[in-house]
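Numbered from 1 within each chain, the chains take letters A, B, ... in sequence-line order.
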Amino acid sequence: MTGAGNYLRIWAVVRRIPRGRVSTYGRIATLARLPGHARQVGYAMHGLPSDTSVPWQRVVNAKGEISRRARSGGEVTQRLLLEREGVRFNSRGRIDLEAFGWPKAR
DNA sequence: AAACTGACTAATA
DNA sequence: CTATTAGCCAGTT
């Protein structure tokens, strides 16, 4: 994979997300100096090893929802991990990015 | 090589 | 709110 270097940048940004906060693919891409490469961020997450220390669960899509993957199963784990950190989901399964988004808005 | 696919986003209608 | 279009790019078939 030729984009391995980009993965490292992406992971480095994800590691900076504080506990109890979430960020979006697009934001991560921009912070990693790869504006417009949101899709690549998704790829980087998909390629993480199962024993990673990267807090991948703190990355959600622009709507504040957990993205669906091709192989389901991980979404439930992700939501559980986030709730355990104090992230609240509304009745529609969405996170209020104004309250839990990172970097902190406002 | 060409076509497809996918943990995405933003703009527009 | 949904649908469509376009931009992005690595990995797979």
Side-chain angles (χ1 to χ4, degrees):
Chain A
M1 48 167 116
T2 56
N6 289 352
Y7 284 20
L8 294 179
R9 275 213 204 87
I10 292 165
W11 294 338
V13 173
V14 174
R15 259 188 252 270
R16 292 206 280 275
I17 304 174
R19 191 174 173 285
R21 296 254 164 154
V22 296
S23 195
T24 66
Y25 295 93
R27 272 220 262 231
I28 303 274
T30 300
L31 291 173
R33 315 231 153 186
L34 296 167
H37 294 207
R39 219 165 183 173
Q40 199 51 45
V41 174
Y43 237 134
M45 295 301 99
H46 190 255
L48 282 169
S50 53
D51 62 351
T52 183
S53 60
V54 176
W56 57 271
Q57 71 274 21
R58 296 176 192 147
V59 183
V60 298
N61 66 26
K63 299 175 222 160
E65 298 174 325
I66 292 173
S67 295
R68 288 196 178 172
R69 316 94 156 98
R71 309 234 167 142
S72 59
E75 304 99 317
V76 181
T77 302
Q78 180 169 8
R79 175 162 179 165
L80 202 65
L81 286 168
L82 289 176
E83 291 184 317
R84 201 167 67 190
E85 294 183 355
V87 175
R88 305 237 234 129
F89 287 75
N90 68 17
S91 51
R92 266 178 99 258
R94 245 151 94 180
I95 299 166
D96 180 359
L97 293 179
E98 291 297 310
F100 299 101
W102 180 88
K104 175 123 205 253
R106 285 176 298 178

Nearest-angstrom distance, C1' atom, C:dC8 to B:dC4: 15 Å
Residues A:R69 and A:Q78: side-chain donor-acceptor under 3.5 angstrom: yes
Side-chain N or O of A:H37 closer than 4.0 Å to phosphate OP1/OP2 of C:dC9: yes
For atom CZ of A:R68 and atom P of B:dT5, their distance in whole Å: 18 Å
Atom-pair distance (CD on A:Q57; P on B:dA7), nearest Å: 18 Å
Check against side chain to side chain contact (heavy atoms under 4.5 Å, CB included), A:R58 and A:L82: CA-CA 7 Å; A:R58 296 176 192 147; A:L82 289 176; 4.1 Å; yes
Closest contact, heavy atoms only, A:Q57 versus A:L81: CG-CB, 3.8 Å
A:H46 side chain, from C-beta outward: closest of C:dA10, B:dC8, B:dA7: B:dA7
Side-chain heavy atoms of A:V14 within contact of A:M45, under 4.5 Å: yes
For atom CD of A:Q40 and atom P of C:dC8, their distance in whole Å: 13 Å
Shortest non-hydrogen contact between A:V54 and A:T52, atoms and distance: N-OG1, 3.0 Å
A:L82 CG - B:dA7 C1' separation (whole Å): 13 Å
Sugar-phosphate, base or nothing in reach of A:Q78, heavy atoms under 4.0 Å: base
Contact list (N/O, under 3.5 angstrom) for nucleotides 1-4 of chain C vs protein:
{"unit_1": "C:dC1", "atom_1": "OP2", "unit_2": "A:R94", "atom_2": "NH1", "d": "3.4"}

Between P of C:dC8 and CZ of A:R9, the distance in whole Å: 17 Å
Expected output: side-chain A:R21 to main-chain A:W102 donor-acceptor under 3.5 Å: no
Under 3.5 Å: donor-acceptor pair, side chain of A:E85, backbone of A:P18: no
Result block: side-chain N/O donor-acceptor pairs under 3.5 angstrom for residues 88-95 of chain A, not counting sequence neighbours:
{"unit_1": "A:N90", "atom_1": "OD1", "unit_2": "A:R92", "atom_2": "N", "d": "2.8"}
{"unit_1": "A:N90", "atom_1": "OD1", "unit_2": "A:G93", "atom_2": "N", "d": "3.1"}
{"unit_1": "A:N90", "atom_1": "OD1", "unit_2": "A:R94", "atom_2": "N", "d": "2.8"}
{"unit_1": "A:R94", "atom_1": "NE", "unit_2": "A:K63", "atom_2": "O", "d": "3.3"}

A:N6 CG - B:dA7 C1' separation (whole Å): 17 Å
Whole angstrom value for the distance that separates P of C:dA10 from CE of A:M45: 16 Å
Atom-to-atom span, CD1 of A:I28 to P of B:dA7 - whole angstrom: 17 Å
Rounded distance in Å between the C1' positions of B:dA1 and C:dT13: 12 Å
Contacts under 3.5 Å, N or O only, protein and nucleotides 9-13 of chain B:
{"unit_1": "B:dT9", "atom_1": "OP1", "unit_2": "A:A62", "atom_2": "N", "d": "2.7"}
{"unit_1": "B:dT9", "atom_1": "OP2", "unit_2": "A:A62", "atom_2": "N", "d": "3.0"}

Exercise: identify the closest heavy-atom pair between A:T24 and A:A62: CG2-CA, 4.1 Å
Spacing of the P atoms in C:dC1 and B:dA10 (rounded, Å): 15 Å
